[in-house]
Q: 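Could you have a look at this structure, given as C-alpha cells, before my questions?
Numbers restart at 1 for each chain; the letters A, B, ... are given by sequence-line order, proteins then strands. Only heavy atoms go into these numbers, but all of them, side chains included; no hydrogens, no water, no symmetry mates.
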Number of protein chains: 2
Amino acid sequence: MARRIATPAAGATQPPVDERPLRLASTEIIATGNEAYTPRQNAVLESALGLLVEGGERALTTAGVARAANCSKESLYKWFGDRDGLLAAMITFQSSKVKAEAAGPGANGRAALRSRLEGIAVSLLKVLAGDVSLALNRLAIGQARRGEADLGLLLREHGRKPIETRLSALLESGRREGLLDFADTREAYRTLYGLIVRDMHVRLLLGDSLDGEAPAARAAQAIDEFFRLHGREEDTGPARERTGAGNERTG
Amino acid sequence: MARRIATPAAGATQPPVDERPLRLASTEIIATGNEAYTPRQNAVLESALGLLVEGGERALTTAGVARAANCSKESLYKWFGDRDGLLAAMITFQSSKVKAEAAGPGANGRAALRSRLEGIAVSLLKVLAGDVSLALNRLAIGQARRGEADLGLLLREHGRKPIETRLSALLESGRREGLLDFADTREAYRTLYGLIVRDMHVRLLLGDSLDGEAPAARAAQAIDEFFRLHGREEDTGPARERTGAGNERTG
DNA sequence: AGTGCAGCGTACCGTACGGTACGGTTCCGA
DNA sequence: TCGGAACCGTACCGTACGGTACGCTGCACT
C-alpha cells in the first residue's frame with residue numbers, strides 16, 4: 001500500500017540541512033528556549049515533518065523517519081523515548097519555528113489598529129493553510145479520542161494560545177483607545193476568529209482546496225466586518241448593543 | 001494497549017437493535033434512498049460507529065467490528081468489500097440518519113426568518129458537537145493527505161453540502177423579501193457559518209471540551225450579528241455597504 | 001596513540017492487523 | 001423433506017510496524 005520510502009522524499013522543500021554528521025560531544029545541548037533539542041535532532045524532526053506532510057500519518061513510521069533522516073531507530077528512541085514522544089517533539093519543534101515576531105506596541109489610531117489586525121489575520125490564514133500546520137493538525141485530530149487527546153492539547157497550547165493572546169491584547173488596546181466596544185474579550189476574539197477563518201480550516205483539513213481565497217482580501221473583509229460589529233468611530237457605525245455573551249450564558 | 005472488546009461496548013447509547021438474527025433471503029434489499037443497505041448491515045454499521053466513537057480509529061479493526069456486531073469478518077468483506085468501503089459506508093449511513101426535516105417555506109417576515117435561521121444554527125451546532133459527527137470527522141481528517149482525501153470528500157458532500165444548501169436557500173429567500181442585503185450568497189453563507197461555529201469545531205476535534213457554550217445562546221448571538229452585518233430593517237441598522245467579496249476577489 | 005562514547009546501519013522479535021478460507025448452523029423456498 | 005444460500009465463528013496467512021539488541025565507525029578528549 002504505502003510504497004517504499006527509499007529515496008529521501010520531500011527533500012526539495014527544506015534547505016540542505018548541513019550534510020555533515022553533526023556529532024555531539026557530551027552535553028552540548030542548545031537550549032532554544034523551551035525544549036532543548038540538538039541541531040541533529042532538529043534536522044531529524046525536520047525530516048519527520050517532511051515525511052508527515054508528504055504521506056500523512058501512515059508514512060510516519062519509525063523506520064521511515066530513520067531512513068529519511070539517515071539516523072538509526074535506536075537514536076530515535078533514545079532521543080524521543082517513544083513514537084508519541086517523537087510526534088510531540090514534532091509539534092513543539094514546528095511551533096517554535098513559527099513563533100518569533102512579537103511586534104510591540106506601535107502607532108495608535110484606528111488605521112493603525114486596523115492594519116495590525118489585518119496583519120495578524122493574514123499571517124493566521126497563511127499559517128493555517130500551510131502544509132506543515134495542516135499535517136500536524138490532521139495528525140493530532142486523528143489521534144484524538146473521546147476524553148483523551150494529548151497531541152490535541154499540545155497543539156492547542158502551542159498553536160492557538162499564542163494567537164489568542166496576541167489578538168486579545170490588540171483588541172483590548174483598541175478598546176482602551178475607545179476604538180472598539182465589547183464586553184468579553186474572549187467572546188470578541190472568538191467572533192473575530194470566526195469572521196477571519198470561517199470554515200476554511202476544517203475544509204482544508206478535510207482535503208478541500210481553497211478556491212482562490214486570497215488571504216489579504218479575506219483578512220481585510222473580516223476586519224471590516226468586525227469593525228462594523230464592534231467599532232466605535234462614526235465611519236464604522238456606532239455599536240448599538242454589546243455582543244459579549246458573557247452575561248447571558250446559560251450553561 | 002487497546003483493551004479487549006468482549007462485551008458489546010458502547011451499547012448503552014443505541015437502542016436494542018432487535019437482537020434476532022435478521023437473515024436475508026436472496027435479494028431483499030431495502031432501498032432507503034441513496035445507498036441500499038439491509039437492516040442487518042445497518043445494525044453492523046451502528047456497532048461500528050459505536051466502536052469508533054468509543055475508541056477512535058485504532059479501535060476500528062475488522063475483527064473488532066465483527067466481534068462487536070456479532071458477525072463474521074467474511075460478511076464484512078462481502079458487504080463492504082474493504083476496510084475503506086466500511087468507513088465510507090459508515091459515513092453515508094450516518095449522514096442518511098441525520099438528514100430528514102426539510103422544512104418547506106413557512107411564515108414570512110423578519111421574525112420568522114430569524115427564528116428559522118436560529119433553528120438551523122442550533123441544529124448545526126448540536127450536530128457538529130455530537131459524538132458520532134466528531135468521530136467521523138476525526139476519522140476522515142486523519143485519513144486525509146496532501147492531494148487525496150476520499151473520506152473527506154464524502155464527508156464534505158454528505159455532511160456540509162446539505163446544510164449549505166438549506167442555509168443558502170433561506171438567505172436568498174430573506175433577500176427576496178428585502179430583509180437581507182448581500183451580493184454573493186456563498187460569501188454570505190460562509191460569514192454566517194463563521195459567526196455560528198467560530199473555532200468551536202476545530203477545538204472540539206482537537207479534544208477540547210466546550211466550556212458551557214449553550215447552542216441556543218450561541219445561535220441567537222450569531223444570527224443577531226449576521227443581521228447587524230447584512231440586515232435591512234431599521235431596528236437592525238441599514239446595511240451601509242455590501243460585504244460580498246465576490247467582486248474583489250484576486251485569486 | 002589510546003580510550004570512550006555518540007551514533008549509524010541492520011538484524012531481530014513479538015504483536016496486531018487486513019484479508020481469506022473453511023466447517024457448521026439456521027433459515028428459505030421447492 | 002431436501003437442497004441451497006446466507007451467515008457466523010474461528011483458524012490461518014502474510015505483512016508491517018513498534019521497540020530492542022548488536023556490531024561497527026569515527027570524532028573528542030586526554
Q: For DNA chain C, find the residues of residues 74-85 of chain A with a heavy-atom distance under 4.0 Å and give them by number; none if there aren't any.
A: E74(A), S75(A), K78(A), W79(A)

Q: Which residue, A69(B) or K73(B), contacts DNA chain D at a nucleotide closer to its 5' end, judged by nearest heavy atom?
A: A69(B)

Q: Take atom OH of Y37(A) and atom C1' of dA6(C), then tell me their distance rounded to the nearest Å.
A: 19 Å

Q: Expressed as a whole number of angstroms, how long is the span from R58(A):CZ to dT15(D):P?
A: 16 Å

Q: Return no unless some side-chain N or O of R67(A) is found under 4.0 Å from OP1 or OP2 of dG9(C).
A: no

Q: Give the rounded distance in Å between these two atoms: CG of L60(B) and P of dG19(C).
A: 12 Å

Q: Can you name the nearest heavy-atom pair linking A216(A) to V122(A), along with the distance?
A: CA-CG2, 3.9 Å

Q: How close or far is atom C1' of dG9(D) from atom CG of N70(B), stated in whole angstroms?
A: 10 Å

Q: As an exercise, state the distance from CG of L204(B) to CZ of R138(B), rounded to the nearest 0.5 Å.
A: 8.0 Å

Q: Specify the separation, in whole Å, of atom CG of L87(B) and atom P of dG19(C).
A: 10 Å

Q: Out of L45(B), V132(B), L52(B), which residue meets the side-chain contact (heavy atoms from CB on, under 4.5 Å) rule with Q94(B)?
A: V132(B)

Q: Is it true that K161(A) and E157(A) make a salt bridge, defined as a side-chain N closer than 4.0 Å to a carboxylate O?
A: yes

Q: In terms of side-chain geometry, is the basic nitrogen of R58(B) or E57(A) positioned less than 4.0 Å from the acidic oxygen of its partner?
A: no

Q: Nearest 0.5 Å, please: how far is CD in E74(B) from CG in L76(B)?
A: 10.5 Å

Q: Is the distance from OP1 or OP2 of dC7(D) to the nearest side-chain N or O of S72(B) less than 4.0 Å?
A: no

